Amino acid sequence: MKKGEIVTNSILKDEYYQVQFYVPEICRETRPGQFVHVKIANLRDRILRRPFSISDVSEDGLLTVVYKVVGEGTKVLAELKPGEVCDLMGPLGNPFSVPAEDEFPVIVAGGYGSAATYLLAERAPTKGVLLLGARSQNDLILTDKFAAAGFDVRTSTNDGSEGYKGFVTELIPQVLEENQGKKIRFYGCGPTPMLLALAKILQDKGYNDGELSLDHLMCCGVGACFACVVKIKDDNPDGWRYARTCKEGPVFKASDVYVGE
Amino acid sequence: MKKGEIVTNSILKDEYYQVQFYVPEICRETRPGQFVHVKIANLRDRILRRPFSISDVSEDGLLTVVYKVVGEGTKVLAELKPGEVCDLMGPLGNPFSVPAEDEFPVIVAGGYGSAATYLLAERAPTKGVLLLGARSQNDLILTDKFAAAGFDVRTSTNDGSEGYKGFVTELIPQVLEENQGKKIRFYGCGPTPMLLALAKILQDKGYNDGELSLDHLMCCGVGACFACVVKIKDDNPDGWRYARTCKEGPVFKASDVYVGE
Amino acid sequence: MADLTVDLGKFSIKNPVMTASGTFGYGFEYKDYYDLDKLGAVVVKGIAMKPSHGNPTPRVAEVSSGMLNAIGLQGPGVDKFLNGKEYMPFLRTTGATIIVNIWGKTIDEYREVAARLEAEKDGIAALEINISCPNVKEGGVAFGTDLKLAHKVVSEIRKVTSIPLITKLSPNVTCISDFARSVVDAGSDMVSLINTLTGMAIDVETRRPKIANLTGGLSGPAVKPVAVRMVYEVAQAVNVPVIGMGGIMTGLDAVEFLLAGASAVAVGTAIFVDPHAPLKVAEGIDEYLEHHGCKSVSEIIGGMIR
Amino acid sequence: MADLTVDLGKFSIKNPVMTASGTFGYGFEYKDYYDLDKLGAVVVKGIAMKPSHGNPTPRVAEVSSGMLNAIGLQGPGVDKFLNGKEYMPFLRTTGATIIVNIWGKTIDEYREVAARLEAEKDGIAALEINISCPNVKEGGVAFGTDLKLAHKVVSEIRKVTSIPLITKLSPNVTCISDFARSVVDAGSDMVSLINTLTGMAIDVETRRPKIANLTGGLSGPAVKPVAVRMVYEVAQAVNVPVIGMGGIMTGLDAVEFLLAGASAVAVGTAIFVDPHAPLKVAEGIDEYLEHHGCKSVSEIIGGMIR
Ligand SMILES: Cc1cc2nc3c(=O)[nH]c(=O)nc-3n(C[C@H](O)[C@H](O)[C@H](O)COP(=O)(O)OP(=O)(O)OC[C@H]3O[C@@H](n4cnc5c(N)ncnc54)[C@H](O)[C@@H]3O)c2cc1C
Ligand SMILES: Cc1cc2nc3c(=O)[nH]c(=O)nc-3n(C[C@H](O)[C@H](O)[C@H](O)COP(=O)(O)OP(=O)(O)OC[C@H]3O[C@@H](n4cnc5c(N)ncnc54)[C@H](O)[C@@H]3O)c2cc1C
Ligand SMILES: Cc1cc2nc3c(=O)[nH]c(=O)nc-3n(C[C@H](O)[C@H](O)[C@H](O)COP(=O)(O)O)c2cc1C
Ligand SMILES: Cc1cc2nc3c(=O)[nH]c(=O)nc-3n(C[C@H](O)[C@H](O)[C@H](O)COP(=O)(O)O)c2cc1C
Ligand code: FES
Ligand code: FES
């Protein structure tokens, strides 16, 4: 556990906020796709920690989290002022594998998925494509940051308020066509239904080295409580087992994700 | 209920703090000996209100409470900054009767009892004596304020660190002697054992118009829950009944206080 | 505004939010805060045949997200309740729906107090039989944790009164639905739950119990999950209206109880935090209904989707 | 520093603070946080004969001062537990006192898993029999809420093992002392309590239960008053060591349980807030003892003054 002093905390866009904690120890160890488990200060009668992907880390010890205000905890977090301190556990979880130089990364993200994959994009030696989907324009975040990192950003929204109107996975065929011959490697992070659809596509097309960040309601964050499980393929009679996303994930191989019922 | 914005909140002496709320509506109605029931902002998992005597009110709407940090609630209250807001119910409870011009008030107080009786001293047309007792010097508060209001202040401490060494009630005989011939009226506020001792003295000596502020752990503050009861004389076979200090008190006639087992 | 009226079979109430017995005194204490007829119903503190001192102090202790209490049913007794001006005579003037919570130390006492109220029942909408108060030595919880006694108390009361009966169930049992079925079988027109969970707190400095009575009843948000679960179980088990309570602080808390199958709710501990809580809870329910396009509160009762 | 050693009859532990089953995994998950032998004991998550998927998700929901869980006893099964390197083989290397929590769907399964562990009992200080998990459909809580079944499970296990037995009691009963007496009579060397209180929460937006399993077990500070009360009742009722738990977050919380009669305590939900919680609780007990001039923790066990 590390005490993380808040250095900045402000609106990023609409309901999305960005907070920076000063925690050099965590920053040093962070790999893309990992998360921190945060005990939000001043939470009244709520005792559990909240998990947030590490969106960025800086050399001078600032760890950035991008979060959407959805409930009690994030509401209180959004009210915290610089100087206030939260307790952070991390970096936790299995990271994404940073692509090799000859690999062309295609990141498929939804919701806060862009925050969870930014560090991956930044550290990728070859810059690729970000396919970012959301319900509507308000939920498309960090596109500028990805563009600045050299990624080709394409967006989709369910309501058509920005970019392609439809599901983000529908943008994949064109990317494949444009980048024929390249060693494409897929990464995904977003809502579970989107990731299951993506896993199916990748499994069908044989992109077995693809990596997906799956998560679920968390409690301990370290593998002890079995709250956070998702179905992962297994050779038992059922064909699947529940794997802990906090410890065995959140990043899983696309080929391991169980896409059946 | 009134929203009370904190205007000042700072250490008075040692573990005692003084907070001022801006609540003109309550100030206007307050009579000496009444209290406010405060929902302290930012209390984590504690939901009940805390009762505090109104120590002073000003014409420009400032209500002063003097409090000792004893537990979770008062600890959090001591951390609140000007601009933060608490919810106040009040003024609540039966007030002291302000003495008549020909009455010579003798206030016997212990602990925060001086805070609870200050407004009475201020409004008394004839200034009398304050007998203030405490465990030790650190707990003797507001003596200057009483002196400035024209009261003759005499102190006692259990450990002899200031004033007379012993119980405050032991100072009474001398005051009686010095003020023979005056129409002495007693007022008391402090820990229950002290008040029971005082009640016994007053009942024995026939000071039936004496008034004592008795209190107990409170919950609703308005007479609905029966949490806050003390024994008051009654003509039932037991000789006593439980009376609600928040509603029927906190100020009771000294002659009504049941001093038996 | 949605239609908040709730039909409780024997009578209707104008909105589903009552005060929980013991937390609103006899109504009189809150008369200057708002008109009592704005409430779904006023449920008064427990009334017995005789006046009663109640328990020694301290009677309450604060705990995480709640409180313990062992008031011990201090009260004026039924005669004073019927005649004292701040009790029933006052309540009759308010126009509010009045529910009288009753208790006794023996089955005879329960029956007698019910009979006395039957004789002067003008203005009394229902009796709530408290067989579940954990804080009185004799009677009380013994009736609420013994199936046969629970049945007996209710059927004896049923014999002497035609006033609608609500039986208030104890959560300190292995299977609360058994109790619900039993008291309905004995003639109870409704059930209410939960009363408090028996708990204890110790002052580590003095090493003494924080409640003079040793144990006290836990109420407030801490008990809400247990209360919602029990209301759900009971609503599945019996065909009479269920009045749900336990930790309701907001309109959305109340909605949870309604979705679980309660026809009405009561607000208790929240009143100590904010005397207006029952009215705010009713407003919160209304907002929820509007937001979800419901015309009437009855649309969501038992509406949980499995 | 005071003497924190606690004598549990069949064995001693170096301090009175254990981890509560199901909240500390198999110890392995926390090995990088501190040396496990600093704990009074490590109580592992429930082990059954067969591997088990556990319940569908969502399995947890946060509530006021606590949480609901219905993990449903996901686990590796006893073979993997005995042989998989991150389970018992790892635990044997830590030097910690290890208590293995067990469960089954039938009495046979309980007996079989106990027999398997008996056969490889090296490094196992005790078995904790979970007859009280409210989150598995078959078995589990049925045993914990039925006096005869509770007795039967424990006496069958007693026949096949000499490992000290701790029976973990359910709080979802009318009289927990009856269960304590019954399992002690059946051969249990100790009892532990409380397991979780059955509760429910509903998402008012989706109108669905927040826990896929419908109900879940309530734990955390919200249950502490109920837990302290039950520990007190049980400590009065039986003459074996009582292990108390339910909402312990600090050393002073633990002291309440010790004063109520617990010989040791377990810390559960608090571990999710702070993995170091069990160690901090032990330190807090030590500070309390020093502050009160006690040389040994045994001086305060059952030390509540009435
Ligand atoms: C590995 C991981 C990484 C995440 N990264 C981000 C991120 O970068 N940005 C972001 O905005 N959100 C992220 N989330 C989701 C974030 O944890 C939740 O939005 C947050 O916990 C909601 O807390 P709350 O108190 O506002 O909501 P409430 O609904 O009041 O929370 C109640 C409880 O449910 C849990 N909870 C609620 N929603 C979720 C959820 N979607 N996932 C997990 N737990 C939830 C809370 O932690 C808390 O225990 C991540 C979740 C996981 C598991
Ligand atoms: C009518 C009245 C007037 C008071 N006036 C003052 C005053 O002017 N200055 C002052 O310092 N104190 C006063 N007190 C005492 C004050 O209410 C308590 O010190 C305060 O509630 C402690 O809260 P806490 O959260 O810090 O303590 P905790 O011990 O954490 O509180 C736990 C619970 O116990 C209650 N409680 C604890 N101690 C007392 C107590 N002595 N009296 C009543 N309730 C208590 C709290 O309200 C809370 O519900 C007064 C009490 C009453 C009844
Ligand atoms: C101080 C207090 C006194 C109570 N007195 C009674 C009572 O006299 N009769 C009764 O049936 N219930 C009594 N109760 C129980 C409440 O009516 C209610 O069932 C319980 O508090 C749960 O609701 P809540 O969490 O909203 O308070 C009392 C509760 C409290 C807190
Ligand atoms: C997530 C979770 C999983 C649990 N799993 C088990 C279990 O496998 N076996 C068991 O006997 N108790 C289990 N429990 C109950 C705890 O061991 C403990 O009895 C209960 O949580 C009360 O303690 P606490 O309030 O400190 O958490 C579990 C509790 C939680 C919160
Ligand atoms: S959150 Fe506890 S195992 Fe993942
Ligand atoms: S505090 Fe409720 S009656 Fe006095």
Side-chain angles (χ1 to χ4, degrees), chain A residues 1-3 29 37-41 43-51 70-74 76 86-93 192 214-232 234-249 258 261, chain D residues 19-33 44-46 50-77 86 203 205 210-212 216 219-222 247 249 268-277 280:
Chain A
M1 278 85 45
K2 298 285 174 303
K3 299 281 163 208
E29 293 174 26
H37 211 20
V38 184
K39 185 155 158 49
I40 297 171
L43 254 189
R44 275 161 184 286
D45 60 347
R46 306 276 154 162
I47 61 175
L48 298 178
R49 289 172 182 264
R50 269 75 178 147
V70 298
E72 190 60 20
T74 43
V76 171
C86 295
D87 194 87
L88 277 67
M89 285 170 72
L92 297 173
T192 305
L214 286 159
D215 61 48
H216 207 287
L217 282 180
M218 283 185 186
C219 201
C220 69
V222 302
C225 77
F226 293 83
C228 61
V229 298
V230 295
K231 288 183 183 173
I232 292 297
D234 193 270
D235 51 15
N236 68 23
D238 294 325
W240 59 271
R241 64 186 181 87
Y242 274 129
R244 294 158 296 173
T245 58
C246 66
K247 177 97 179 168
E248 303 167 62
Y258 182 78
E261 271 305 271
Chain D
T19 60
S21 178
T23 64
F24 200 66
Y26 306 95
F28 191 78
E29 294 76 9
Y30 287 104
K31 71 175 169 25
D32 298 336
Y33 286 80
V44 302
K45 181 155 182 64
K50 301 255 167 57
S52 163
H53 281 319
N55 287 328
T57 58
R59 292 174 167 188
V60 294
E62 203 184 27
V63 295
S64 291
S65 294
M67 60 179 286
L68 292 171
N69 92 80
I71 305 297
L73 291 167
Q74 174 169 356
E86 71 271 40
D203 182 325
E205 290 308 316
K210 286 194 179 173
I211 300 277
S219 65
M249 305 296 278
T269 304
I271 293 175
F272 304 147
V273 185
D274 178 357
H276 288 85
K280 289 184 182 165

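What you are looking at is a predicted structure, and each value in this text was computed from that prediction instead of being measured. Chain letters run A, B, ... following the sequence lines, proteins first, then strands; residues in each count from 1.
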Set of side-chain contact (heavy atoms from CB on, under 4.5 Å) partners for D:Val273, sequence neighbours left out: A:Lys39, A:Ile47, D:Met249
Aromatic ring proximity, centroids under 6.0 angstrom, A:Phe226 and A:Tyr242: no
Under 3.5 Å donor-acceptor, A:Glu72 side chain and A:Arg46 backbone: no
Residues in side-chain contact (heavy atoms from CB on, under 4.5 Å) contact with D:Glu86, at least two apart in sequence or another chain: D:Phe28
Interface residue of largest heavy-atom contact number with chain A, from D:Pro56, D:Ala222, D:Gly27, D:Pro221, under 4.5 Å: D:Pro56
D:Thr57, part contacting chain A, at a heavy-atom distance under 4.5 Å: both
Selection from D:His53, D:Arg59, D:Gln74, D:Glu29 maximising heavy-atom pairs under 4.5 Å formed with chain A: D:His53
Contacting moiety of A:Asp238, where chain D heavy atoms sit under 4.5 Å: side chain
